Engineer: 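Structure in structure tokens, see below.
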Amino acid sequence: MVENSKSVLIIGAGIAGIQAALDLGDMGIQVHLVEKQPCIGGRMAQLDKTFPTLDCSICILAPKLSECYRHQNITLHTLSEVDKIEGSIGNFTIDVLKHARYVKEDVCTNCGDCGNICPVRGISNFFDADLATQAAAQIAFPAAVPAAYRIDSKKCLYLNYGICGLCYQNCGADAIDLTQKDSILTLDNIGAVIVATGLDLAEDIHTLNIYGYQKYDNVITAMELERLICASGPQSGHLSRLTDGKHPHKIAFLQCIDSRTHNGQMYCSSVCCMYTTKEAMIAYEHNNELESYVFYIDMRAGGKGFQKFLKRGAEEYNIKYIKSKISHIEVDENDNPIITYEDYETSEIKKLTVDLVVLATCIIPSRGINKLADVLKIDLDHYDFVKTNPFLPMETSIDGIYTCGCAREPMDIPRSVAEASGAAARAAEVIKGG
Amino acid sequence: MTEVKPKKTLLKDVKIFKNLEEEIIKPHLCCACGACVAYCSSQEFDVINMVNFAPQFISDANVDKCKECGVCYYICPQTEPLIQQLNDKYRIKDELGHIRDVLAAKTTDEKIKEMGQDGGLVTTILTYLFDRNKIDAAVVSEYDENLLPIPKIIFDKNDLLKSSGTRYSLSSNILPLKDFYQIAEEIIEKHPQIYDINQIRMAFVGTPCQCRAIRKMQLLNIRPTHVIKYVFGLFCMENFDHEKLFKLVKEETNEDPINIAKMNIKKNFFITNRENKVYEIELKKFEKAVFNICYECDDFTTKYSDISFGGSGAVQKNSMVVVRTEKGEELIRDLIINGYINKFIPKKSTISEWKSTKINLFRRMTKMKTSKFEGV
């Protein structure tokens with residue numbers, strides 16, 4: 001460990017924040033990694049596979065998660081938010097609001113006894129795109145890091161009504177501590193800050209009702225498909241329809257949902273063309289009789305090996321690409337979605353009945369970004385992404401505060417990782433007095 | 001002798017089942033809804049059960065198994081906790097509760113018309129919910145051959161007709177939910193789309209006190225009621241003790257329960273036997289069979305429901321409908337649009353006049369319900 005006392009604070013522990021933390025930690029720089037959720041890993045942990053290699057997402061990520069947790073130079077603050085910042089580049093003082101977990105992180109053995117006895121049920125799990133439910137004593141997924149349960153303070157009977165306390169009674173390790181309180185941790189001598197708050201998705205803010213989302217159960221979002229098709233997801237990877245449990249044979253993938261439109265976000269979400277083909281490929285691997293239809297405006301596959309990937313999809317995975325514009329979606333008496341669209345090749349209005357519709361919803365900035373930008377006093381762009389200079393893409397409007405990944409603009413995993421290393425390098429310059 | 005390990009607990013001064021026994025069950029204030037037993041059993045604590053419409057410790061040996069979590073005391077419809085929160089949540093300010101709409105309607109289904117009590121509405125709504133795959137099960141009650149009401153969870157609309165019509169003696173409608181986790185297995189077998197037990201959707205039909213218990217449990221999000229999506233309330237003036245009721249019926253009509261086809265309370269008690277003979281008996285004669293607690297209840301129209309149903313105030317062959325929540329309003333609208341029910345349109349007065357007459361009637365009925373207590 002290089003001897004210096006300045007540290008870097010990273011906000012957001014998704015793949016970008018984790019990569020930046022590991023880079024800096026390996027350089028011998030002290031890192032505080034602040035994450036709002038009870039566990040780290042972010043959106044990448046939710047994905048089934050990554051493109052264009054079709055590697056298992058969590059298999060790549062999990063070693064990084066535990067490395068981050070064990071790293072002697074990285075201090076992890078989960079369930080935490082940045083509350084206040086003072087000072088300037090080279091010497092920030094930052095208040096971190098740590099929400100109580102009500103479980104002693106270092107004592108919990110992740111056995112699940114608290115979750116089993118907790119009488120509160122039916123609380124939706126964000127990690128499973130709200131397709132599965134939990135008790136008030138909960139963990140997002142069994143391999144979560146840190147591997148500790150937490151108590152949902154909004155739903156816990158003890159914290160709200162002073163009754164129950166069953167988890168406390170049942171915990172063999174004495175890890176439950178319902179007397180914990182939210183606290184403010186003041187960190188001084190922070191040399192630089194990296195904003196890696198990542199993304200949310202269009203379905204979080206829009207109803208998407210012209211596509212029948214939330215009205216018809218057989219219209220799902222791409223993130224929901226990722227969870228359903230994932231072996232550790234709610235359906236254990238046996239993709240089936242939410243209405244009747246049947247395996248779909250015809251899936252339609254609709255591109256540019258809520259992106260590139262005056263009615264939603266005006267920008268391109270950048271990763272959907274690729275992940276859609278990836279999802280159609282994985283689905284095909286689950287069922288070789290599958291027909292996939294991708295309804296697209298134009299294919300934006302600008303990356304190394306991306307065109308080849310699409311070609312492979314069409315040739316080997318029975319994917320048909322239809323250049324088109326969707327009008328609307330209805331369902332027939334068997335809940336099969338019927339898509340009405342204009343075929344751009346022939347300019348005809350056509351209909352197609354499928355078993356399942358998957359919406360490639362637009363990446364939007366993390367919904368906490370406005371509050372955070374107010375705290376940090378950094379500028380956001382027109383769409384609420386962190387504003388940067390095209391030639392200094394890691395730098396925000398405040399000296400010493402850097403950004404990377406989807407906090408800046410929609411991008412895929414390899415680019416997020418590359419930018420994270422870039423932001424880490426810029427932060428290291430500050431610390432090492434470059 | 002083994003030393004009893006002191007219970008590890010955080011709680012201070014929390015009321016537990018022993019308090020429920022002292023304050024509610026022994027003084028005969030228990031309405032036998034079954035909420036406490038359903039909760040405790042679904043937690044697999046093996047502490048209490050229901051015997052002769054009274055919750056009690058399974059045996060002396062089970063007393064020590066009580067975890068003293070205090071949830072049973074909280075969710076009991078006859079205790080004080082959570083009532084204020086419920087009233088705030090459901091915007092209840094007076095004895096009639098929050099009313100979004102009042103209407104009268106009847107079923108369009110001929111079979112239900114025959115079997116149902118008034119307009120056959122509850123049966124029709126449950127049929128619709130099953131038809132449209134909006135519920136996987138419903139908690140109802142049906143008669144055994146001696147007209148003893150048996151609370152039951154049904155999975156199929158074909159089982160619905162058995163539960164048509166009103167039963168006037170007590171039925172512990174929340175009790176069958178104690179076996180939720182066993183029943184859930186059966187439901188999941190029938191519905192391959194359900195991959196998580198907690199996804200099951202049920203409708204609940206019950207009296208004011210039972211619906212109050214369900215709402216208390218829902219407020220806490222606790223099992224097994226977290227699966228209940230619709231709460232349908234029944235107008236309730238009083239409830240009878242089965243044994244006492246049919247002893248009096250026998251005295252008055254010389255009919256055994258097995259020979260009775262239908263019972264209906266309007267102004268008087270109407271009893272129809274299997275040969276279609278109708279007896280009309282003064283209600284007062286049955287007063288002795290009424291549960292004491294019903295005289296202390298001020299809820300006639302079931303304040304804590306999504307929709308409440310009853311015969312009072314409806315012209316022949318219609319049921320009165322009190323819509324209380326947005327969910328209930330949507331459902332009634334869908335039923336009308338899809339032709340499951342016909343809405344009654346008053347001819348002699350404007351709709352708003354008609355509605356206020358009905359609301360006034362409900363107010364009078366509620367007053368009657370409470371004043372009976374003063375008279376006793």
Side-chain angles (χ1 to χ4, degrees), chain A residues 102 116-125 128 130-136 151-152 154-172 174 176-179 216-218 227-228 233-248 331 333-335, chain B residues 5-16 19 38-45 66-75 79 81-82 85 131-134 180-181 184 188-201 216-229:
Chain A
Y102 303 105
N116 289 338
I117 203 163
C118 177
V120 176
R121 294 287 140 152
I123 300 171
S124 59
N125 183 357
D128 278 321
D130 296 341
L131 291 167
T133 61
Q134 297 175 297
I151 310 287
D152 184 335
K154 289 201 182 82
K155 305 287 182 186
C156 170
L157 301 187
Y158 177 78
L159 295 170
N160 290 288
Y161 304 101
I163 53 172
C164 186
L166 288 165
C167 54
Y168 175 83
Q169 260 188 56
N170 211 34
C171 180
D174 283 336
I176 308 280
D177 180 5
L178 292 162
T179 61
Y216 309 129
D217 283 346
N218 290 330
R227 292 315 301 154
L228 292 179
Q235 287 182 342
S236 312
H238 300 288
L239 178 63
S240 44
R241 309 207 305 171
L242 299 176
T243 51
D244 53 15
K246 287 186 185 145
H247 299 301
V331 290
E333 68 283 1
N334 296 319
D335 295 313
Chain B
K5 219 172 116 192
K7 265 179 204 137
K8 182 179 149 187
T9 183
L10 269 178
L11 310 179
K12 282 182 207 118
D13 308 322
V14 164
K15 292 195 172 176
I16 57 175
N19 302 86
Y39 162 72
C40 196
S41 304
S42 71
Q43 287 282 63
E44 296 178 342
F45 291 157
C66 175
K67 302 267 186 188
E68 303 183 357
C69 64
V71 175
C72 58
Y73 187 89
Y74 249 64
I75 59 174
T79 60
L82 300 179
Q85 286 98 319
D131 278 354
R132 299 290 162 117
N133 187 26
K134 287 180 189 292
F180 171 70
Y181 285 91
I188 288 175
E189 242 168 64
K190 284 183 74 171
H191 298 282
Q193 76 271 24
I194 300 173
Y195 49 78
D196 172 4
I197 281 180
N198 303 306
Q199 281 181 313
I200 289 172
R201 303 153 306 165
K216 276 187 160 191
M217 295 171 88
Q218 285 182 326
L219 197 70
L220 303 183
N221 288 304
I222 56 169
R223 56 185 170 193
T225 50
H226 64 292
V227 294
I228 290 177
K229 301 294 169 218

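Here is the naming used below: chain letters follow the sequence lines, and residue numbers restart at 1 for every chain. Quick note: numbers below take in every heavy atom, side chains included, and nothing from hydrogens, waters or symmetry partners. Quantities reported herein were computed from a predicted structural model and do not represent experimental measurements.
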Engineer: Is A:Ile117 in contact with chain B via its backbone, its side chain, both, or neither, using a 4.5 Å heavy-atom distance?
Structural biologist: both
Engineer: Which one, A:Gly165, A:Pro119, A:Ala132, leads in non-hydrogen pairs under 4.5 Å with chain B?
Structural biologist: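 Option with the top pair count is A:Pro119.
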Engineer: Pick one of side chain, backbone, both or neither for B:Phe45, based on which atoms fall under 4.5 Å of a heavy atom in chain A.
Structural biologist: side chain
Engineer: Is the number of heavy atoms from other residues, nucleotides or ligands within 6.0 Å of NZ (B:Lys229) greater than 12?
Structural biologist: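 Yes, NZ of B:Lys229 has more than 12 neighbouring heavy atoms, counting only those of other groups under 6.0 Å.
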Engineer: Under 4.5 Å heavy-atom distance to chain A, tell me which part of B:Gln85 shows up: side chain, backbone, both or neither.
Structural biologist: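 Only the side chain of B:Gln85 comes within 4.5 Å of chain A.
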Engineer: Measure distances from A:Asn116 to the heavy atoms of chain B and classify the residue's part below 4.5 Å as side chain, backbone, both or neither.
Structural biologist: backbone
Engineer: Drop me the distance from B:Lys15's NZ to A:Ile163's CD1, to the nearest 0.5 angstrom.
Structural biologist: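 Those atoms lie 13.5 Å apart.
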Engineer: Less than 4.5 Å to any heavy atom of chain A: does that hold for the side chain of B:Ile200, its backbone, both, or neither?
Structural biologist: neither
Engineer: How about B:Gln43 and A:Leu166: do any of their side-chain heavy atoms sit closer than 4.5 Å?
Structural biologist: yes
Engineer: Is there a side-chain contact (heavy atoms from CB on, under 4.5 Å) between B:Leu11 and A:Tyr168 once you walk through the steps?
Structural biologist: CA-CA 10 Å; B:Leu11 310 179; A:Tyr168 175 83; over 6 Å; no
Engineer: Any side-chain to backbone donor/acceptor pair from B:Gln193 onto A:Lys246? Under 3.5 Å, distance only.
Structural biologist: no
Engineer: Only pairs of heavy atoms separated by less than 4.5 Å count here; which of A:Leu178, A:Asp217, A:Leu157 has the most with chain B?
Structural biologist: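 Sorted descending by pairs with chain B, the first entry is A:Leu157.
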Engineer: If we define contacts as heavy-atom pairs under 4.5 Å, which of A:Cys156, A:Gly122, A:Ala136, A:Cys164 has the most with chain B?
Structural biologist: A:Cys164
Engineer: Side chain from CB out, backbone as N, CA, C, O: work out which of these in A:Tyr158 comes under 4.5 Å of a heavy atom of chain B, or both, or neither.
Structural biologist: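 Only the side chain of A:Tyr158 comes within 4.5 Å of chain B.
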Engineer: Is chain A contacted by the side chain of B:Leu82, its backbone, both, or neither, given a heavy-atom distance below 4.5 Å?
Structural biologist: side chain
Engineer: Any idea which of B:Thr225, B:Asn198, B:Asn133, B:Asp13 has the most non-hydrogen atom pairs under 4.5 angstrom with chain A?
Structural biologist: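 Heavy-atom pairs under 4.5 Å are most numerous for B:Asn198.
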Engineer: Under the side-chain contact (heavy atoms from CB on, under 4.5 Å) rule, what do A:Tyr161 and B:Val14 come out as? Steps first, then yes or no, please.
Structural biologist: CA-CA 10 Å; A:Tyr161 304 101; B:Val14 164; over 6 Å; no
Engineer: Which atom pair, heavy atoms only, marks the closest approach of A:Gln169 to B:Lys67?
Structural biologist: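 That would be NE2-O, 2.8 Å.
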Engineer: Below 4.5 Å from any heavy atom of chain B, which atoms of A:Leu131 appear? Answer side chain, backbone, both or neither.
Structural biologist: both
Engineer: Taking all non-hydrogen atoms of both residues, which atom of B:Asn221 and which atom of A:Lys155 are closest, and how far apart?
Structural biologist: ND2-CD, 3.5 Å
Engineer: Please classify the contact between A:Cys118 and chain B as side chain, backbone, both or neither, with a heavy-atom cut-off of under 4.5 Å.
Structural biologist: backbone
Engineer: Evaluate the criterion side-chain hydrogen bond (donor to acceptor under 3.5 Å, both in side chains) for residue pair B:Asp196 and A:Thr133; output intermediate values, then yes/no.
Structural biologist: CA-CA 8 Å; B:Asp196 172 4; A:Thr133 61; 3.1 Å; yes
